[in-house]
Amino acid sequence: MSNTKNTQESQSSQKSQDSQNSRKSTDNTADGRPSPMEVLRQARGQLEELTGMTAESVSSFEQTEHGWALEVEVLELERVPDTMSLMASYQVELDGNGQLTGYRRVRRYERGRSDPRRSGGH
């Protein structure tokens with residue numbers, strides 16, 4: 001019975017290791033830089049760690065000359081009902097390796113409110 005249990009644990013450990021190795025290979029590009037998905041994960045995680053607030057979504061994402069630029073929607077203050085929760089958009093900048101180099105809040109709003117319509121197509 002002990003050998004069966006050890007074999008099962010070994011197989012489970014190997015599957016976990018294979019899964020981690022597979023994920024690492026898909027998270028990096030051929031030149032070793034992080035893939036766009038890994039950049040998104042890193043940006044959200046780093047912003048959450050720095051601000052202590054939950055990053056809910058990424059509303060814009062682009063590669064720049066110096067790395068990456070994102071706009072991340074963050075829950076700043078949870079209220080009841082949820083549509084009254086206070087949200088914020090943060091502009092986040094990362095270097096080419098996906099390390100956060102700066103962020104700033106660009107907008108605050110209640111979750112249930114949309115942007116006001118601007119005249120002239122702007």
Side-chain angles (χ1 to χ4, degrees):
M1 185 78 147
S2 177
N3 285 343
T4 302
K5 184 176 180 182
N6 288 341
T7 301
Q8 288 173 339
E9 287 175 357
S10 177
Q11 288 172 345
S12 176
S13 176
Q14 184 62 43
K15 285 180 184 176
S16 176
Q17 186 65 37
D18 290 345
S19 174
Q20 288 175 355
N21 289 340
S22 172
R23 184 172 177 185
K24 284 179 185 175
S25 67
T26 61
D27 284 349
N28 291 321
T29 58
D31 64 358
R33 292 186 148 200
S35 71
M37 286 307 298
E38 181 58 21
V39 169
L40 288 171
R41 282 188 214 105
Q42 288 179 10
R44 288 178 66 162
Q46 291 175 71
L47 186 63
E48 285 181 5
E49 188 173 339
L50 287 168
T51 64
M53 294 179 279
T54 303
E56 291 203 349
S57 65
V58 176
S59 57
S60 74
F61 176 68
E62 66 179 307
Q63 191 166 16
T64 66
E65 186 177 310
H66 302 290
W68 302 91
L70 298 86
E71 193 159 313
V72 180
E73 306 305 313
V74 171
L75 175 62
E76 285 205 334
L77 180 62
E78 193 168 6
R79 292 183 178 157
V80 176
D82 190 48
T83 56
M84 298 302 292
S85 292
L86 190 59
M87 303 292 295
S89 294
Y90 281 81
Q91 185 175 25
V92 179
E93 297 171 8
L94 296 100
D95 65 18
N97 294 316
Q99 296 301 306
L100 194 138
T101 58
Y103 72 93
R104 66 187 172 105
R105 185 176 61 205
V106 293
R107 179 174 162 246
R108 290 179 90 182
Y109 58 98
E110 289 177 336
R111 185 189 297 272
R113 301 230 175 168
S114 63
D115 287 336
R117 181 172 282 227
R118 297 181 189 174
S119 62
H122 296 266

Judged by atom type as modelled, is there a donor-acceptor pair below 3.5 Å linking the side chain of [X] to the main-chain atoms of [Y]?
X	Y	result
Asp95	Asn97	yes
Arg44	Ala55	yes
Gln46	Leu100	yes

Name all residues meeting the ring pair (Phe, Tyr, Trp, His ring centres under 6.0 Å) criterion together with Tyr109; count only those two or more places apart in sequence or in a different chain, and write none if there are none.
none

Looking at residues at least two apart in the chain, or sitting in another chain, which of them share a side-chain contact (heavy atoms from CB on, under 4.5 Å) with Ser57?
Glu73

Restricting to pairs with a member in residues 41-66, which pass ring-ring contact (aromatic ring centres under 6.0 Å, His included), not counting sequence neighbours?
Phe61-Trp68

Hey, could you give me each pair passing ring-ring contact (aromatic ring centres under 6.0 Å, His included) that has a residue in residues 72-103? Not counting sequence neighbours.
Tyr90-Tyr103

Working to the nearest 0.5 angstrom, can you tell me the gap between [X] [atom1] and [Y] [atom2]?
X	Y	atom1	atom2	result
Glu56	Arg111	CD	CZ	4.0 Å
Arg113	Met84	CZ	CE	6.5 Å
Arg108	Met87	CZ	CE	11.5 Å

Starting from Val58, can I reach Leu50 by hopping between I/L/V/M/F/W/Y residues whose side chains sit under 4.5 Å apart?
yes

Are Val39 and Val74 linked, directly or through intermediate hydrophobic residues, by side-chain heavy-atom contacts shorter than 4.5 Å (ILVMFWY only)?
yes

If we only count heavy atoms from C-beta on, is the Met53 to Leu75 side-chain gap below 4.5 Å?
no

Residues two or more places apart in sequence or in another chain: which of them pass side-chain hydrogen bond (donor to acceptor under 3.5 Å, both in side chains) with Arg79?
none

Apart from Leu77 itself, its cluster of hydrophobic side chains linked below 4.5 Å comprises Leu86

Determine whether more than 12 heavy atoms belonging to other residues, nucleotides or ligands lie under 6.0 Å from atom CD of Glu78.
no

Determine the minimum heavy-atom distance between Pro34 and Gly96, stating which atoms define it.
CD-O, 3.9 Å

Charged N to carboxylate O below 4.0 Å: is that the case for Glu71 and Arg107?
no

